[in-house]
Amino acid sequence: MKARLQAWVEILGDLFWLRPALIVLGCILLAQFGVWLETAHVVGYDASSPNTNWGYSGGAEGARGLLSAIASSNIGVAGTTFSITIAALTLASGQMGPRLLRNFIRDARNQTVLGIFLGTFAYSLMVLRTVRTVEEDPFVPHLAITGALVLALVAIGTLVWFVHHIATSINIETVVDAVQQDLCKAIAARTLDAADAARPSDAPTGSGVATTGGGYLQAIDTDTLADWAEERGITVTLRVRPGDYVPTGFPVAFLLAGVEGADEAITNALTLGRRPASLQDLEYSIRQLVEIAVRALSPGINDPFTAGSVVDHLGDALCRIAPRHLPTGAVVRERRVVLVHPVTDYDGLCDAMFHMIRQNSAGSVLVLGRMLDVLTRVAEVERLTTRLRELRRHADLVQAAAERDVADSHDLDDLRQRHAQFVAMHEQGGFV
(Lines give C-alpha, C1' and ligand atoms only; values in the text may rest on other atoms or scores of the structure.)
Protein backbone atom coordinates (compact mmCIF):
# COMPACT_ATOMS: atom_id res chain seq x y z
CA MET A 1 0.00 0.00 0.00
CA LYS A 2 2.87 2.36 0.74
CA ALA A 3 4.39 1.86 -2.72
CA ARG A 4 1.02 2.46 -4.39
CA LEU A 5 0.50 5.62 -2.35
CA GLN A 6 3.94 6.88 -3.38
CA ALA A 7 3.08 6.16 -7.02
CA TRP A 8 -0.14 8.17 -6.67
CA VAL A 9 1.77 11.07 -5.14
CA GLU A 10 4.18 11.01 -8.08
CA ILE A 11 1.26 11.01 -10.50
CA LEU A 12 -0.13 14.10 -8.75
CA GLY A 13 3.16 15.85 -9.49
CA ASP A 14 2.53 15.30 -13.22
CA LEU A 15 -0.74 17.26 -13.06
CA PHE A 16 0.20 20.71 -14.31
CA TRP A 17 -3.12 22.20 -13.18
CA LEU A 18 -3.11 20.97 -9.58
CA ARG A 19 -0.77 23.50 -7.95
CA PRO A 20 -2.24 26.52 -9.83
CA ALA A 21 -5.74 25.37 -8.81
CA LEU A 22 -4.69 25.22 -5.16
CA ILE A 23 -3.13 28.69 -5.35
CA VAL A 24 -6.30 30.11 -6.95
CA LEU A 25 -8.41 28.51 -4.23
CA GLY A 26 -6.12 30.00 -1.57
CA CYS A 27 -6.41 33.47 -3.10
CA ILE A 28 -10.21 33.21 -3.21
CA LEU A 29 -10.29 32.29 0.47
CA LEU A 30 -7.86 35.11 1.24
CA ALA A 31 -10.12 37.59 -0.55
CA GLN A 32 -13.12 36.37 1.39
CA PHE A 33 -11.18 36.66 4.64
CA GLY A 34 -10.04 40.22 3.87
CA VAL A 35 -13.60 41.33 3.11
CA TRP A 36 -14.88 39.62 6.24
CA LEU A 37 -12.35 41.46 8.42
CA GLU A 38 -13.90 44.77 7.35
CA THR A 39 -17.53 43.69 7.43
CA ALA A 40 -16.99 42.31 10.95
CA HIS A 41 -15.17 45.56 11.88
CA VAL A 42 -12.17 43.59 13.12
CA VAL A 43 -9.86 45.87 11.15
CA GLY A 44 -10.64 48.48 8.56
CA TYR A 45 -10.26 51.97 7.16
CA ASP A 46 -10.26 54.90 9.60
CA ALA A 47 -12.23 57.64 7.85
CA SER A 48 -11.53 60.14 10.63
CA SER A 49 -7.76 60.16 9.98
CA PRO A 50 -7.11 59.10 6.34
CA ASN A 51 -3.46 60.16 6.50
CA THR A 52 -2.69 57.45 9.03
CA ASN A 53 -3.96 54.63 6.82
CA TRP A 54 -1.09 52.77 5.20
CA GLY A 55 -3.20 50.91 2.63
CA TYR A 56 -5.69 51.91 -0.02
CA SER A 57 -7.60 55.05 1.01
CA GLY A 58 -9.62 55.89 -2.11
CA GLY A 59 -13.31 55.63 -2.89
CA ALA A 60 -15.51 53.06 -4.56
CA GLU A 61 -14.98 54.24 -8.14
CA GLY A 62 -11.23 54.24 -7.73
CA ALA A 63 -11.37 50.79 -6.15
CA ARG A 64 -13.36 49.39 -9.06
CA GLY A 65 -10.96 50.87 -11.59
CA LEU A 66 -7.92 49.59 -9.70
CA LEU A 67 -9.27 46.06 -9.24
CA SER A 68 -10.40 45.91 -12.87
CA ALA A 69 -6.93 46.92 -14.06
CA ILE A 70 -5.25 44.34 -11.84
CA ALA A 71 -7.62 41.56 -12.92
CA SER A 72 -7.41 42.29 -16.67
CA SER A 73 -3.63 42.68 -16.71
CA ASN A 74 -3.00 39.50 -14.74
CA ILE A 75 -5.23 37.30 -16.88
CA GLY A 76 -3.40 38.65 -19.93
CA VAL A 77 0.01 37.96 -18.42
CA ALA A 78 -1.18 34.48 -17.38
CA GLY A 79 -1.93 33.73 -21.03
CA THR A 80 1.52 35.01 -21.98
CA THR A 81 3.28 32.85 -19.40
CA PHE A 82 1.30 29.83 -20.56
CA SER A 83 2.36 30.53 -24.16
CA ILE A 84 6.00 30.87 -23.07
CA THR A 85 5.75 27.57 -21.21
CA ILE A 86 4.32 25.81 -24.27
CA ALA A 87 7.12 27.24 -26.43
CA ALA A 88 9.71 25.95 -23.96
CA LEU A 89 8.06 22.53 -23.95
CA THR A 90 8.10 22.44 -27.75
CA LEU A 91 11.78 23.34 -27.85
CA ALA A 92 12.64 20.74 -25.22
CA SER A 93 10.67 18.07 -27.05
CA GLY A 94 12.37 18.77 -30.36
CA GLN A 95 15.96 19.03 -29.15
CA MET A 96 16.11 16.89 -26.01
CA GLY A 97 13.34 14.33 -26.42
CA PRO A 98 9.63 14.12 -25.58
CA ARG A 99 10.26 12.11 -22.42
CA LEU A 100 11.93 15.16 -20.89
CA LEU A 101 8.64 17.07 -21.08
CA ARG A 102 7.75 15.41 -17.80
CA ASN A 103 10.58 17.30 -16.08
CA PHE A 104 9.26 20.66 -17.31
CA ILE A 105 5.65 19.82 -16.45
CA ARG A 106 6.63 18.69 -12.95
CA ASP A 107 8.62 21.89 -12.36
CA ALA A 108 6.91 23.41 -9.32
CA ARG A 109 8.24 26.86 -10.23
CA ASN A 110 6.41 26.94 -13.58
CA GLN A 111 3.20 25.79 -11.90
CA THR A 112 3.56 28.35 -9.11
CA VAL A 113 4.08 31.25 -11.54
CA LEU A 114 0.90 30.41 -13.43
CA GLY A 115 -0.93 30.01 -10.12
CA ILE A 116 0.18 33.45 -8.89
CA PHE A 117 -1.19 35.25 -11.96
CA LEU A 118 -4.44 33.29 -11.98
CA GLY A 119 -4.76 33.66 -8.21
CA THR A 120 -4.29 37.44 -8.39
CA PHE A 121 -6.98 37.56 -11.10
CA ALA A 122 -9.40 35.51 -8.97
CA TYR A 123 -8.60 37.57 -5.86
CA SER A 124 -9.34 40.84 -7.65
CA LEU A 125 -12.66 39.56 -8.99
CA MET A 126 -13.76 38.32 -5.57
CA VAL A 127 -12.99 41.69 -3.98
CA LEU A 128 -14.42 43.67 -6.90
CA ARG A 129 -17.86 42.10 -6.48
CA THR A 130 -18.11 43.53 -2.94
CA VAL A 131 -17.35 47.17 -3.81
CA ARG A 132 -20.50 49.32 -3.69
CA THR A 133 -20.96 53.04 -4.38
CA VAL A 134 -23.13 55.53 -2.50
CA GLU A 135 -26.17 54.59 -4.57
CA GLU A 136 -25.70 50.93 -3.59
CA ASP A 137 -25.22 51.17 0.18
CA PRO A 138 -21.52 52.22 0.11
CA PHE A 139 -18.87 49.67 1.02
CA VAL A 140 -15.16 49.70 0.11
CA PRO A 141 -13.02 46.84 1.54
CA HIS A 142 -9.83 48.87 1.90
CA LEU A 143 -7.83 46.04 3.47
CA ALA A 144 -8.75 43.56 0.74
CA ILE A 145 -7.94 46.13 -1.97
CA THR A 146 -4.57 46.71 -0.34
CA GLY A 147 -4.03 42.94 -0.58
CA ALA A 148 -4.77 43.15 -4.31
CA LEU A 149 -2.08 45.84 -4.65
CA VAL A 150 0.40 43.62 -2.84
CA LEU A 151 -0.44 40.64 -5.08
CA ALA A 152 -0.04 42.87 -8.16
CA LEU A 153 3.48 43.84 -7.04
CA VAL A 154 4.28 40.17 -6.37
CA ALA A 155 3.04 39.33 -9.87
CA ILE A 156 5.36 41.95 -11.41
CA GLY A 157 8.37 40.45 -9.66
CA THR A 158 7.21 36.95 -10.59
CA LEU A 159 7.04 37.89 -14.27
CA VAL A 160 10.64 39.14 -14.28
CA TRP A 161 11.81 36.04 -12.45
CA PHE A 162 9.83 33.74 -14.76
CA VAL A 163 11.49 35.11 -17.89
CA HIS A 164 14.89 34.46 -16.29
CA HIS A 165 13.84 30.97 -15.18
CA ILE A 166 12.59 29.92 -18.62
CA ALA A 167 15.72 31.28 -20.31
CA THR A 168 17.95 29.22 -18.02
CA SER A 169 15.77 26.10 -17.76
CA ILE A 170 15.92 25.34 -21.51
CA ASN A 171 19.71 25.54 -21.46
CA ILE A 172 20.98 22.06 -22.25
CA GLU A 173 23.53 22.06 -19.44
CA THR A 174 20.81 23.03 -16.96
CA VAL A 175 18.60 20.19 -18.20
CA VAL A 176 21.42 17.66 -18.01
CA ASP A 177 22.32 18.79 -14.50
CA ALA A 178 18.67 18.56 -13.38
CA VAL A 179 18.37 15.00 -14.66
CA GLN A 180 21.72 14.20 -13.05
CA GLN A 181 20.37 15.39 -9.69
CA ASP A 182 17.40 13.06 -10.08
CA LEU A 183 19.82 10.21 -10.85
CA CYS A 184 21.89 10.99 -7.76
CA LYS A 185 18.77 10.89 -5.60
CA ALA A 186 17.80 7.56 -7.15
CA ILE A 187 21.28 6.15 -6.46
CA ALA A 188 21.10 7.25 -2.82
CA ALA A 189 17.63 5.72 -2.44
CA ARG A 190 18.05 2.49 -4.43
CA THR A 191 21.56 1.40 -3.39
CA LEU A 192 22.69 -0.06 -0.07
CA ASP A 193 25.39 0.66 2.49
CA ALA A 194 26.09 -3.05 3.01
CA ALA A 195 25.84 -6.14 0.85
CA ASP A 196 22.36 -7.57 0.43
CA ALA A 197 21.32 -11.20 0.87
CA ALA A 198 22.54 -13.59 -1.80
CA ARG A 199 20.15 -14.24 -4.65
CA PRO A 200 19.09 -17.89 -5.11
CA SER A 201 20.56 -19.51 -8.20
CA ASP A 202 17.61 -21.84 -8.80
CA ALA A 203 15.40 -21.10 -11.78
CA PRO A 204 11.84 -20.07 -10.89
CA THR A 205 9.36 -22.94 -10.92
CA GLY A 206 5.83 -23.53 -9.75
CA SER A 207 2.45 -22.07 -10.61
CA GLY A 208 2.36 -18.77 -12.46
CA VAL A 209 0.30 -15.74 -11.48
CA ALA A 210 -0.84 -13.48 -14.35
CA THR A 211 -2.03 -9.88 -14.35
CA THR A 212 -5.54 -8.92 -15.34
CA GLY A 213 -4.42 -5.65 -16.93
CA GLY A 214 -1.36 -4.34 -18.70
CA GLY A 215 0.83 -1.29 -18.27
CA TYR A 216 4.20 -0.11 -17.08
CA LEU A 217 5.26 -1.41 -13.70
CA GLN A 218 5.82 1.69 -11.58
CA ALA A 219 6.37 0.28 -8.09
CA ILE A 220 6.51 -2.97 -6.13
CA ASP A 221 5.42 -3.16 -2.50
CA THR A 222 8.14 -5.66 -1.57
CA ASP A 223 7.65 -5.42 2.20
CA THR A 224 3.95 -6.27 2.11
CA LEU A 225 4.44 -9.06 -0.42
CA ALA A 226 7.35 -10.51 1.57
CA ASP A 227 5.29 -10.47 4.77
CA TRP A 228 2.44 -12.23 2.97
CA ALA A 229 4.80 -14.91 1.63
CA GLU A 230 6.36 -15.41 5.06
CA GLU A 231 3.00 -15.96 6.70
CA ARG A 232 2.22 -18.74 4.22
CA GLY A 233 5.69 -20.27 4.20
CA ILE A 234 6.24 -19.89 0.46
CA THR A 235 8.67 -18.18 -1.87
CA VAL A 236 7.45 -15.73 -4.50
CA THR A 237 9.58 -15.12 -7.58
CA LEU A 238 8.67 -12.01 -9.57
CA ARG A 239 9.60 -11.81 -13.24
CA VAL A 240 9.23 -8.06 -13.81
CA ARG A 241 10.89 -4.99 -12.34
CA PRO A 242 9.90 -1.30 -12.21
CA GLY A 243 10.16 0.19 -15.68
CA ASP A 244 9.10 -2.98 -17.52
CA TYR A 245 5.96 -3.07 -19.61
CA VAL A 246 3.69 -5.87 -18.45
CA PRO A 247 1.33 -7.25 -21.14
CA THR A 248 -2.16 -8.28 -20.14
CA GLY A 249 -2.23 -11.88 -18.95
CA PHE A 250 1.55 -12.15 -18.63
CA PRO A 251 2.62 -14.38 -15.70
CA VAL A 252 4.42 -11.87 -13.50
CA ALA A 253 5.30 -14.27 -10.68
CA PHE A 254 5.92 -17.92 -9.83
CA LEU A 255 5.02 -19.56 -6.54
CA LEU A 256 6.80 -22.64 -5.26
CA ALA A 257 3.50 -23.77 -3.87
CA GLY A 258 -0.06 -22.92 -4.84
CA VAL A 259 -1.71 -20.67 -2.25
CA GLU A 260 -5.23 -19.33 -2.13
CA GLY A 261 -5.43 -15.58 -2.63
CA ALA A 262 -2.06 -15.36 -4.41
CA ASP A 263 -3.53 -13.54 -7.41
CA GLU A 264 -4.98 -10.79 -5.25
CA ALA A 265 -1.86 -10.42 -3.08
CA ILE A 266 0.51 -10.10 -6.03
CA THR A 267 -1.83 -7.79 -7.96
CA ASN A 268 -2.14 -5.49 -4.96
CA ALA A 269 1.65 -5.42 -4.54
CA LEU A 270 2.25 -4.28 -8.15
CA THR A 271 1.40 -0.74 -9.26
CA LEU A 272 0.83 -0.49 -13.01
CA GLY A 273 0.43 2.74 -14.94
CA ARG A 274 0.20 4.14 -18.44
CA ARG A 275 3.75 5.48 -18.39
CA PRO A 276 7.06 4.61 -16.67
CA ALA A 277 7.79 6.26 -13.33
CA SER A 278 11.05 7.10 -11.60
CA LEU A 279 9.84 6.00 -8.18
CA GLN A 280 11.74 2.68 -8.06
CA ASP A 281 13.39 2.60 -11.49
CA LEU A 282 17.12 3.28 -11.17
CA GLU A 283 17.51 3.42 -14.95
CA TYR A 284 14.79 6.03 -15.49
CA SER A 285 17.07 9.06 -15.29
CA ILE A 286 19.82 7.17 -17.12
CA ARG A 287 17.50 6.69 -20.10
CA GLN A 288 16.70 10.40 -20.07
CA LEU A 289 20.38 11.34 -20.15
CA VAL A 290 21.12 8.81 -22.87
CA GLU A 291 18.24 10.15 -24.96
CA ILE A 292 19.72 13.64 -24.74
CA ALA A 293 23.08 12.31 -25.90
CA VAL A 294 21.63 10.24 -28.76
CA ARG A 295 19.60 13.19 -30.04
CA ALA A 296 22.65 15.42 -29.81
CA LEU A 297 24.57 12.92 -31.96
CA SER A 298 21.85 12.77 -34.61
CA PRO A 299 22.71 14.31 -38.02
CA GLY A 300 19.99 16.93 -37.59
CA ILE A 301 21.54 18.35 -34.41
CA ASN A 302 25.18 17.17 -34.56
CA ASP A 303 26.21 18.39 -31.10
CA PRO A 304 28.93 16.05 -29.79
CA PHE A 305 29.75 18.44 -26.93
CA THR A 306 26.36 17.76 -25.34
CA ALA A 307 26.91 14.03 -25.72
CA GLY A 308 30.32 14.40 -24.08
CA SER A 309 28.74 16.30 -21.19
CA VAL A 310 26.22 13.49 -20.71
CA VAL A 311 29.04 10.93 -20.62
CA ASP A 312 30.75 12.99 -17.91
CA HIS A 313 27.59 13.00 -15.79
CA LEU A 314 27.12 9.26 -16.27
CA GLY A 315 30.69 8.71 -15.10
CA ASP A 316 29.94 10.75 -11.99
CA ALA A 317 26.97 8.47 -11.30
CA LEU A 318 29.19 5.38 -11.52
CA CYS A 319 31.67 6.98 -9.13
CA ARG A 320 28.81 7.54 -6.66
CA ILE A 321 27.87 3.87 -6.96
CA ALA A 322 31.46 2.67 -6.42
CA PRO A 323 31.39 2.64 -2.57
CA ARG A 324 27.84 1.32 -2.41
CA HIS A 325 26.14 -2.02 -3.02
CA LEU A 326 23.38 -2.77 -5.47
CA PRO A 327 20.41 -4.80 -4.19
CA THR A 328 20.29 -8.44 -5.23
CA GLY A 329 16.51 -8.66 -5.29
CA ALA A 330 16.30 -11.23 -2.48
CA VAL A 331 14.07 -10.38 0.50
CA VAL A 332 14.75 -12.40 3.65
CA ARG A 333 12.38 -13.10 6.51
CA GLU A 334 13.50 -15.24 9.47
CA ARG A 335 16.70 -16.29 7.62
CA ARG A 336 14.73 -17.54 4.64
CA VAL A 337 14.34 -15.97 1.20
CA VAL A 338 10.63 -15.38 0.74
CA LEU A 339 10.68 -13.00 -2.24
CA VAL A 340 12.93 -12.74 -5.27
CA HIS A 341 12.45 -9.93 -7.78
CA PRO A 342 14.53 -8.70 -10.75
CA VAL A 343 16.84 -5.76 -10.13
CA THR A 344 19.30 -3.69 -12.08
CA ASP A 345 22.85 -4.98 -11.69
CA TYR A 346 26.10 -3.17 -12.43
CA ASP A 347 26.43 -4.72 -15.89
CA GLY A 348 22.93 -3.57 -16.78
CA LEU A 349 23.65 -0.04 -15.59
CA CYS A 350 26.79 0.22 -17.70
CA ASP A 351 24.98 -1.20 -20.73
CA ALA A 352 22.16 1.32 -20.30
CA MET A 353 24.67 4.16 -19.97
CA PHE A 354 27.12 3.45 -22.77
CA HIS A 355 25.71 1.11 -25.42
CA MET A 356 23.41 3.51 -27.27
CA ILE A 357 25.81 6.44 -27.01
CA ARG A 358 28.65 4.36 -28.42
CA GLN A 359 26.46 2.94 -31.19
CA ASN A 360 25.32 6.42 -32.25
CA SER A 361 28.68 8.16 -31.96
CA ALA A 362 29.37 7.40 -35.66
CA GLY A 363 33.10 7.81 -35.31
CA SER A 364 32.96 10.97 -33.20
CA VAL A 365 36.46 11.19 -31.77
CA LEU A 366 35.36 13.61 -29.07
CA VAL A 367 32.66 11.30 -27.71
CA LEU A 368 34.70 8.09 -27.99
CA GLY A 369 37.69 9.72 -26.35
CA ARG A 370 35.51 11.13 -23.58
CA MET A 371 34.07 7.68 -22.94
CA LEU A 372 37.56 6.19 -22.58
CA ASP A 373 38.56 8.99 -20.21
CA VAL A 374 35.42 8.55 -18.10
CA LEU A 375 35.85 4.78 -17.92
CA THR A 376 39.44 5.27 -16.79
CA ARG A 377 38.45 7.67 -14.03
CA VAL A 378 35.65 5.43 -12.83
CA ALA A 379 38.05 2.48 -12.75
CA GLU A 380 40.38 4.45 -10.50
CA VAL A 381 37.54 4.83 -7.98
CA GLU A 382 36.06 1.34 -8.31
CA ARG A 383 37.55 -1.51 -6.29
CA LEU A 384 35.35 -4.53 -7.04
CA THR A 385 36.93 -6.88 -9.56
CA THR A 386 33.64 -7.79 -11.21
CA ARG A 387 32.84 -4.14 -11.83
CA LEU A 388 36.33 -3.42 -13.14
CA ARG A 389 35.92 -6.28 -15.57
CA GLU A 390 32.70 -4.70 -16.83
CA LEU A 391 34.43 -1.34 -17.28
CA ARG A 392 37.19 -3.07 -19.22
CA ARG A 393 34.58 -4.68 -21.49
CA HIS A 394 33.10 -1.29 -22.37
CA ALA A 395 36.54 0.21 -22.92
CA ASP A 396 37.27 -2.57 -25.38
CA LEU A 397 33.96 -1.98 -27.14
CA VAL A 398 34.72 1.74 -27.46
CA GLN A 399 38.11 0.96 -28.94
CA ALA A 400 36.56 -1.54 -31.36
CA ALA A 401 34.10 1.12 -32.49
CA ALA A 402 36.98 3.54 -33.00
CA GLU A 403 38.91 1.02 -35.09
CA ARG A 404 35.84 0.51 -37.25
CA ASP A 405 34.56 4.09 -37.67
CA VAL A 406 37.47 6.54 -37.20
CA ALA A 407 39.30 7.13 -40.45
CA ASP A 408 41.86 9.74 -39.43
CA SER A 409 45.08 8.02 -38.39
CA HIS A 410 46.09 10.70 -35.86
CA ASP A 411 42.74 10.54 -34.09
CA LEU A 412 42.86 6.76 -34.12
CA ASP A 413 46.33 6.74 -32.61
CA ASP A 414 45.13 9.07 -29.85
CA LEU A 415 42.23 6.75 -29.00
CA ARG A 416 44.54 3.74 -29.04
CA GLN A 417 46.84 5.50 -26.60
CA ARG A 418 43.96 6.28 -24.24
CA HIS A 419 42.79 2.69 -24.37
CA ALA A 420 46.32 1.44 -23.76
CA GLN A 421 46.60 3.69 -20.69
CA PHE A 422 43.36 2.22 -19.34
CA VAL A 423 44.61 -1.34 -19.86
CA ALA A 424 48.15 -0.72 -18.55
CA MET A 425 47.02 1.04 -15.40
CA HIS A 426 44.83 -1.86 -14.32
CA GLU A 427 47.07 -4.65 -15.41
CA GLN A 428 49.82 -3.20 -13.22
CA GLY A 429 47.38 -3.39 -10.34
CA GLY A 430 46.59 -7.01 -11.01
CA PHE A 431 43.56 -6.35 -13.16
CA VAL A 432 43.11 -8.71 -16.08
Quiz item: Just by modelled atom types, is the Ala144 backbone N or O under 3.5 Å from a matching donor or acceptor in the Tyr123 side chain?
Solution: yes
Quiz item: Crowded around Phe305 CZ? As in, over 12 foreign heavy atoms under 6.0 Å?
Solution: no
Quiz item: Is it true that atom CD of Glu264 has more than 12 heavy atoms of other residues, nucleotides or ligands lying nearer than 6.0 Å?
Solution: no
Quiz item: Out of curiosity, Leu326 CG to Leu282 CG, how far, rounded to the nearest 0.5 Å?
Solution: 7.0 Å
Quiz item: Is it true that the side chains of Asn110 and His165 contain a donor and an acceptor less than 3.5 Å apart?
Solution: yes
Quiz prompt | Interatomic distance, Glu173 atom CD to Thr306 atom OG1 [nearest 0.5 angstrom] | solution = 6.5 Å
Quiz item: Between Gln288 and Leu183, is there a donor-acceptor pair closer than 3.5 Å when you use the side chain of the first and the backbone of the second?
Solution: no
Exercise. Mind checking the CD1-CG spacing from Ile292 to Asp303? Nearest 0.5 Å is all I need.
Key: 11.0 Å
Quiz item: Do the ring planes of His394 and His355 sit parallel (below 30°), tilted (30 to 60°) or perpendicular (above 60°)?
Solution: tilted
Exercise. List the atom of Ala265, the atom of Leu225, and the distance in Å for their closest heavy-atom pair.
Key: O-CD1, 4.2 Å
Exercise. Would you check if Asp411 and Leu368 make a side-chain contact, meaning some heavy-atom pair closer than 4.5 Å?
Key: no
Quiz item: Quick one: CZ on Phe16 to CG on Asp107, what's the gap to the nearest 0.5 Å?
Solution: 9.0 Å
Quiz item: Looking just at side-chain N and O atoms, do Arg241 and Thr344 make a donor-acceptor pair shorter than 3.5 Å?
Solution: yes
Quiz prompt | Passing option when Ile23 is tested against Leu114, Leu18, Thr112, Thr120 for side chain to side chain contact (heavy atoms under 4.5 Å, CB included) | solution = Thr112
Quiz prompt | From CG (Leu149) to CD1 (Ile70), nearest 0.5 Å | solution = 5.0 Å
Quiz item: If you measure from the Lys or Arg side-chain nitrogens to the Asp or Glu carboxylate oxygens, is any gap between Asp351 and Arg393 under 4.0 Å?
Solution: yes
